[in-house]
Number of protein chains: 2
Amino acid sequence: MQREAMNKVQARVNLSDIARALGVSAAAVSNAMSGKGRISEDLAATIRKKADEMGYVPSVAGRALRTGRSGVLGLVLADIAHPLFPQIAQAIENAASDKGYGILIGDSRGDINAQTKAISRLIERGADGLIIVPRHGTRIAHINHPVAMIDAPSTPGNTVSADHWDGGVQIGSYLRKLGHRNIIVIGGYQDSNVQNDRLGGMKSALSDSARVEVIWVEALETQMGSGCPLGLVPKAQHGVTAFAALSDLHALRAVTELQRAGIDVPGRATVTGFDDLIWSINISPALTTMRMNMEEIANIAVRALITQIEQNSHAEGPVPGGTGDEEPSTKRVPMELVIRDSSGPAPP
Amino acid sequence: MQREAMNKVQARVNLSDIARALGVSAAAVSNAMSGKGRISEDLAATIRKKADEMGYVPSVAGRALRTGRSGVLGLVLADIAHPLFPQIAQAIENAASDKGYGILIGDSRGDINAQTKAISRLIERGADGLIIVPRHGTRIAHINHPVAMIDAPSTPGNTVSADHWDGGVQIGSYLRKLGHRNIIVIGGYQDSNVQNDRLGGMKSALSDSARVEVIWVEALETQMGSGCPLGLVPKAQHGVTAFAALSDLHALRAVTELQRAGIDVPGRATVTGFDDLIWSINISPALTTMRMNMEEIANIAVRALITQIEQNSHAEGPVPGGTGDEEPSTKRVPMELVIRDSSGPAPP
DNA sequence: AAGGTATGCTTAAACGATTAAGCAAACTTT
DNA sequence: AAAGTTTGCTTAATCGTTTAAGCATACCTT
């Protein structure tokens with residue numbers, strides 16, 4: 001009963017099983033599957049057919065041990081719990097699995113030490129390369145491993161990022177065209193590269209035509225307590241007609257705070273956000289925001305990373321700088337203005 | 001110049017390097033590191049010290065090949081983009097990395113076929129076990145692999161889930177105590193196990209004392225278009241005093257829709273949610289909601305999964321049912337009522 | 001002190017894939 | 001037809017770890 005006599009409990013088919021079944025060598029099977037070595041198309045077809053019949057699945061462990069590559073990329077996030085993460089993770093996972101790579105996640109919960117640890121854990125686990133999404137001002141210590149960064153301007157290594165500055169410019173010009181002359185920008189962390197880029201773009205599009213004041217929520221909350229009101233209502237009552245948040249999270253806060261006080265959005269005050277988080281379209285009024293093209297960002301990052309990985313495996317040691325056929329080391333992907341119902345012309 | 005003469009580019013230290021450096025056998029080093037075989041404490045200490053000095057990091061590939069275990073768990077999500085995902089992923093990643101496991105992610109974008117594919121991709125990648133978080137009514141085909149399910153009641157295999165029914169009961173009794181007698185429940189998909197559990201609990205706590213009507217947003221939107229108003233305002237004007245959403249997403253929608261029409265929350269209408277999404281505390285009024293204990297859910301799921309994996313490696317073939325020392329196959333973790341500012345006594 | 005049992009180490013054989021090297025046989029070339 | 005080239009396959013080594021088996025010592029028993 002406990003023998004494998006009838007029920008073929010067949011553990012897992014490997015190359016040699018196929019080879020034995022066909023009376024050929026394992027090397028022939030390997031060549032047939034990879035299409036690499038020298039093998040006749042006839043035999044290759046026979047082998048592939050048999051492999052398919054027998055349900056052959058290559059062992060990643062065996063392959064990894066021999067080739068030194070695992071086929072896995074590490075995705076390092078400063079804080080998984082950030083609401084932008086789902087978009088990023090999904091786009092990256094998709095891009096990677098299209099190229100035959102898996103995604104191993106590493107979270108550092110916003111802590112820099114933990115981030116370094118997360119990175120080494122991923123490397124130790126055999127990740128062939130890392131995609132790192134740092135958050136507000138994190139600096140990554142130099143890593144001797146293929147890396148692609150997302151949204152980390154001026155970091156060494158391949159970096160791809162949404163064009164936050166231009167996004168700011170777009171929102172700024174949009175608000176100017178709507179006639180807003182007295183604007184409050186709501187940001188989170190003052191040391192976030194991303195938010196500063198967005199702010200810079202906005203200011204550059206607005207400074208000659210409007211008064212711009214900035215509120216940093218994080219700073220306010222350390223002073224007034226978490227979840228405190230942002231004090232937008234008196235501002236709205238004294239001439240501010242637009243609240244441009246640097247993230248949808250803050251835009252949401254602004255919308256509810258104003259609405260609660262009976263200030264109509266967008267009738268008496270315009271509110272805009274950034275990121276197009278999943279619920280932005282469902283709130284009332286639906287949020288006007290700037291959307292990143294995550295698919296493209298992810299594709300570029302993954303492609304750049306895989307290029308690095310495959311170069312590394314050909315050439316020994318550190319990759320020489322600039323052979324000419326690489327992706328540019330920093331690439332900016334345009335953002336898209338999504339106009340919905342939370343924005344309108346400035347009231348007279 | 002291109003030799004490794006001066007710069008010790010030292011690829012990577014392995015067991016034999018350490019063995020050679022100390023004049024012992026690789027097996028001794030292996031035993032010292034794992035603490036398994038027979039080895040003197042003296043030599044073990046010496047070896048560990050040397051290994052540390054040399055910066056030894058075990059090769060997962062080598063180990064995986066030999067032991068047949070990769071030390072990686074697959075996290076299968078029906079839709080990564082769901083806003084609840086960050087909480088889940090973070091909790092799982094933490095629980096797993098505490099136990100020395102990595103997390104490989106697989107996304108099925110809500111598509112059942114894609115889910116099956118994602119699952120086999122993860123298995124082919126060598127995941128030792130899977131943690132599956134299905135979404136509204138997904139059925140998982142039987143998998144011959146260790147599995148732990150989250151939030152999928154009545155699925156074969158180890159399942160852990162928040163106690164959604166009891167969460168519903170808690171919210172229901174809370175609303176009853178506040179004097180609400182005319183309540184609208186807002187749900188998403190009518191075929192979601194999770195939402196039906198929550199709804200069932202609420203009804204069981206309310207049915208004898210209040211009129212309860214249910215709005216299914218998904219159904220409404222296929223009829224009226226995505227992002228359509230839910231029509232809550234006339235309801236509020238005709239006696240409904242509480243809107244209990246089965247997810248914070250819908251609660252948010254309710255709050256903004258009511259506020260926009262000048263209906264004060266919670267003065268004239270109470271709104272409650274489920275899940276305690278990250279922004280729930282930051283909107284105005286801060287949302288009253290039910291919170292799952294994700295850390296505990298993740299811990300239980302990961303523990304149960306690892307138990308299965310380690311049993312499997314001892315006993316050959318499918319695990320015999322019920323040896324007595326296993327976790328219960330279905331476990332419910334209590335939810336916690338978080339009272340904030342969006343709920344209050346029913347107006348007279 | 002002879003026998004048995006622990007103890008501490010080594011040797012060697014896996015795990016499953018890849019790939020350089022080797023070797024026939026079948027083609028070219030002159 | 002002799003020499004060279006290409007083609008199609010096999011052999012064997014390798015990646016780094018684990019672990020069963022082997023073999024001396026050293027220790028305990030009576």
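Letters A, B, ... are given to chains in the order of the sequence lines, protein chains preceding strands, and every chain is numbered from 1.
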Return yes if some donor-acceptor pair links the side-chain N/O of A/Ser108 with the main-chain N/O of A/Ala78 below 3.5 Å, else return no.
->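 It does hold such a pair.
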Side-chain donor/acceptor of A/Asn31 to backbone N/O of A/Ile39, under 3.5 Å =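 Checking the backbone N and O of A/Ile39 against the side chain of A/Asn31, no donor-acceptor pair under 3.5 Å is found.
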Separation of [N] [atom2] from [X] [atom1] (nearest whole Å):
X: A/Leu65; N: D/dC15; atom1: CG; atom2: P; value: 9 Å
X: B/Arg12; N: D/dC15; atom1: CZ; atom2: P; value: 14 Å
X: B/Ile18; N: D/dG16; atom1: CD1; atom2: C1'; value: 11 Å

Can you name the nearest heavy-atom pair linking B/Val72 to A/Arg125, along with the distance?
->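 Reported closest heavy-atom pair: CG2-CD, 4.2 Å.
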By a strict heavy-atom criterion of less than 4.0 Å, which residues belonging to residues 30-44 of chain A are in contact with DNA chain D?
->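 Only A/Arg38, A/Ile39, A/Ser40, A/Leu43 qualify.
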Could you give me the CA-CA distance, side-chain angles and deciding distance for B/Leu305 and B/Asn158, then say whether side chain to side chain contact (heavy atoms under 4.5 Å, CB included) is met?
-> CA-CA 8 Å; B/Leu305 188 54; B/Asn158 269 313; over 6 Å; no
Please find the earliest and latest nucleotides of DNA chain C, in the 5' to 3' direction, that have an atom within less than 4.0 Å of any heavy atom of chain B.
->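 Endpoints of the contacted stretch of DNA chain C: C/dT7 to C/dG16.
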When only distance counts, do a donor and an acceptor, one from the side chain of B/Arg63 and one from the base of D/dT18, lie under 3.5 Å apart?
->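 No, no donor-acceptor pair under 3.5 Å.
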Given side chains that start at C-beta, do those of A/Arg109 and B/Asn94 come closer than 4.5 Å, heavy atoms only?
->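 Yes; the side chains approach each other to less than 4.5 Å.
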At under 4.0 Å between heavy atoms, what does A/Ser59 touch on the DNA or RNA strands: base, sugar-phosphate, or nothing?
->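 Sugar-phosphate contact only - A/Ser59 comes under 4.0 Å of backbone atoms but never of a base.
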Could you check whether A/Val60 gets within reach of a base, just the sugar-phosphate, or nothing at all, counting any heavy atom under 4.0 Å?
->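 A/Val60: no heavy atom of the nucleic acid under 4.0 Å.
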How far apart are the C-alpha atoms of A/Met292 and A/Asp151, what are their side-chain angles, what is the distance that settles it, and do they pass the side chain to side chain contact (heavy atoms under 4.5 Å, CB included) test?
-> CA-CA 11 Å; A/Met292 318 202 209; A/Asp151 266 349; 4.1 Å; yes
Want to settle it: does B/Ala27 or B/Arg66 sit nearer the 5' end of DNA chain C, counting the closest nucleotide to each?
->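 On the 5' side of the pair lies B/Ala27.
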After noting the C-alpha distance and the side-chain angles of B/Ile105 and B/Asp107, does the key distance pass the side chain to side chain contact (heavy atoms under 4.5 Å, CB included) rule?
-> CA-CA 7 Å; B/Ile105 60 177; B/Asp107 176 29; over 6 Å; no
Step by step, would you call B/Tyr101 with B/Arg69 a side chain to side chain contact (heavy atoms under 4.5 Å, CB included)?
-> CA-CA 11 Å; B/Tyr101 280 79; B/Arg69 300 231 310 269; 4.0 Å; yes
